[in-house]
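These notes concern the structure reproduced below.
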Amino acid sequence: MDCADESLLAIVGAIRAQLAAGESTIVVHALDPDLGRSRYAGERVEHAGRARVHRPFRVWVDLAERLSLRLSTPRSIGEGLIELKFEALDPSASWHLDSPAPEPSEKYGQASGYARISKLEDPNLVLDVADALDRIELPANPRILDLGVNSGDELALIVALRPELRDTASFVGIDHCASALALARQRFPGPNHCFLEADINTLPELDLGVFDLIVSMATFQSPGVDDRALLRHLVRDRLAASGAVILGIPNCRYVDGEQLHGAKMRNYSQADLSLVIRDIAFFKRYFQQHRRRVFVTGKSYLLVTAVPA
């Protein structure tokens with residue numbers, strides 16, 4: 001399909017028609033984006049005596065993601081054109097649909113499909129957590145709590161961004177998955193790291209003390225977790241007066257090796273953000289009621305960062 005002179009609406013319609021007809025691979029010829037540097041999508045660029053529609057490569061990446069397609073590496077086909085190959089993702093190739101773990105607590109364990117996902121390879125999360133940490137002032141020897149620590153990706157990111165914390169901070173990680181915690185202990189064997197196997201709902205029963213920073217990525221949205229009650233307990237009993245919180249709300253899903261925007265709801269063609277917006281509004285309002293400034297940032301994970309006012 002030659003898209004060098006077609007509108008984006010026509011391209012979307014043609015791709016959808018091919019997918020509906022059962023095509024699993026779609027090949028598109030487009031103007032090389034490098035020929036239109038500093039031009040916006042839709043502007044025309046003249047090359048070899050012909051004006052064609054320019055689209056930054058980002059347009060094709062976004063289109064692939066929104067249509068649940070895999071975009072292969074483009075290749076030049078001459079005359080200023082590139083070939084883009086799109087492949088339909090297999091919706092059944094999701095870690096959620098793997099064979100159930102023998103124990104419910106091992107759903108996110110090292111033998112699960114989830115273990116294939118590295119948050120440290122998500123540029124959005126890396127940059128967004130770095131931005132959140134820039135807003136936080138920690139004392140000399142801070143205590144840091146990670147709820148839903150799993151194998152320790154968030155801790156690895158924190159100490160990579162704040163190297164001094166590796167030796168000066170005391171870390172407590174809580175998760176109900178024994179195999180994930182075993183890996184976290186291997187990654188962080190120092191005496192200033194403590195990993196506890198426990199249900200998050202039993203947090204009020206644990207003798208943990210207070211913390212200068214509480215981090216939790218995607219745990220508040222887990223089935224069976226009363227996020228409102230958990231937040232109230234953390235702010236009331238676990239957060240130091242000068243402490244800060246970073247809550248990560250997932251805004252992505254993983255299918256067939258690709259990370260896609262939004263948490264798709266059953267029987268919805270696209271991600272529905274209503275629950276995410278509701279949760280963020282509650283978290284923000286609650287933190288503000290407890291005299292904290294709140295920042296809502298992020299992309300693949302929406303971060304609610306609360307710091308002392």
Side-chain angles (χ1 to χ4, degrees), residues 108 114-139 141-175 177 180-181 183-184 187-188 190 192-195 200 211-222 225 227 230-231 234-235 238-240 242-254 259-263 273 276-277 279-280 283-284 286-287 292-308:
Y108 300 90
Y114 180 80
R116 299 169 54 199
I117 299 167
S118 173
K119 293 177 182 176
L120 299 178
E121 292 298 324
D122 179 350
N124 292 307
L125 183 62
V126 168
L127 295 174
D128 293 334
V129 171
D131 178 69
L133 286 176
D134 284 343
R135 305 178 190 277
I136 295 172
E137 294 184 14
L138 293 174
N141 297 288
R143 299 192 74 228
I144 298 175
L145 173 65
D146 188 339
L147 294 175
V149 66
N150 198 259
S151 62
D153 273 1
E154 290 92 9
L155 293 186
L157 180 54
I158 290 172
V159 297
L161 295 170
R162 295 274 190 96
E164 71 279 5
L165 295 178
R166 180 175 291 274
D167 298 319
T168 62
S170 297
F171 295 93
V172 175
I174 297 178
D175 207 288
C177 180
L181 288 174
L183 180 56
R187 297 172 72 181
F188 301 95
N192 58 329
H193 293 82
C194 174
F195 297 99
I200 295 298
F211 295 88
D212 302 292
L213 173 60
I214 297 175
V215 178
S216 185
M217 295 291 171
T219 301
F220 273 62
Q221 284 64 47
S222 298
V225 173
D227 58 341
L230 178 59
L231 181 65
L234 290 174
V235 173
R238 302 300 182 192
L239 187 62
S242 60
V245 179
I246 302 176
L247 299 182
I249 300 171
N251 192 36
C252 63
R253 62 191 187 278
Y254 302 92
Q259 178 178 288
L260 304 179
H261 165 77
L273 301 179
V276 171
I277 293 171
D279 288 346
I280 290 175
F283 296 151
K284 181 176 181 178
Y286 188 81
F287 282 127
R292 278 174 167 76
R293 289 186 296 148
V294 182
F295 305 89
V296 180
T297 58
K299 186 176 181 181
S300 55
Y301 284 79
L302 302 178
L303 302 186
V304 179
T305 305
V307 301

* Are the side chain of S216 and the backbone of L147 linked by a donor-acceptor contact shorter than 3.5 Å? -> yes
* **Between CG on residue L145 and CG on residue D212, distance to nearest 0.5 Å** => 11.0 Å
* Asked: How long is the span from the CD1 atom in I246 to the CG atom in L303, to the nearest 0.5 Å?
  -> 7.0 Å
* Can you check whether G243's main-chain N or O pairs, donor with acceptor, with R292's side chain at less than 3.5 Å? -> yes
* Which value, rounded to the nearest 0.5 Å, describes the distance between L161 atom CG and L133 atom CG? -> 6.0 Å
* Asked: Below 4.5 Å, heavy atoms only, C-beta onward: do F283 and D227 meet side chain to side chain?
  -> yes
* Does anything in residues 122-131 pair up under salt bridge (charged side-chain N to carboxylate O under 4.0 Å, His left out), and if so which pairs, sequence neighbours excluded? -> D131-R135
* Asked: Does the side chain of F287 reach to within under 4.5 Å of the side chain of V235, using non-hydrogen atoms?
  -> yes
* Asked: Does a side-chain heavy-atom distance below 4.5 Å link V215 with V129?
  -> no
* **Spatial distance of atom CD (Q259) from atom CG (L125) [nearest 0.5 Å]** => 8.5 Å
* Indicate the atoms forming the closest heavy-atom contact of P250 with A218, along with that distance. => CD-CA, 3.7 Å
* Structure fact -> Correct closest heavy-atom pair for L181 and F195 would be CD2-CB, 4.0 Å
* **Note, D146 side chain near M217 side chain (heavy atom, < 4.5 Å)** => no
* Of all pairs that satisfy ring-ring contact (aromatic ring centres under 6.0 Å, His included), the ones with a partner from residues 151-175, not counting sequence neighbours -> F171-H193
* **Among V172, I144, L234, side chain to side chain contact (heavy atoms under 4.5 Å, CB included) partner for F211** => V172
* **Within 6.0 Å of CD in E164, more than 12 heavy atoms from elsewhere** => yes
* **Minimum heavy-atom distance F188-A156, with the two atoms named** => CZ-N, 3.5 Å
* Asked: About how many Å separate OG1 of T219 and CD of E154, when rounded to the nearest 0.5 Å?
  -> 7.5 Å
* Identify the two heavy atoms, one from A184 and one from G152, that lie closest to each other, and give their separation to 0.1 Å. => CB-N, 4.2 Å
* **Heavy-atom side-chain contact between N251 and H261 under 4.5 Å** => yes
* **Within-4.5 Å side-chain heavy-atom neighbours: L231 and L247** => yes
* Structure fact -> Contacts of D153 meeting side chain to side chain contact (heavy atoms under 4.5 Å, CB included) (sequence neighbours excluded), chain-then-number -> S118, K119, L120, S151, R187
* To do: Work out which heavy atom in A132 is nearest to a heavy atom in T305; give both atom names and the distance.
  => CB-OG1, 3.4 Å
* Validation row: V304, Y286 side chains within 4.5 angstrom (heavy atoms) -> no
* Is there a donor-acceptor pair closer than 3.5 Å between any side-chain N or O of N192 and the backbone N or O of A169? -> yes
* Between SG of C177 and OH of Y114, what distance do you get to the nearest 0.5 Å? -> 10.0 Å
* To do: Would you check if the side chain of N150 reaches a backbone N or O of D175 as a donor-acceptor pair within less than 3.5 Å?
  => no
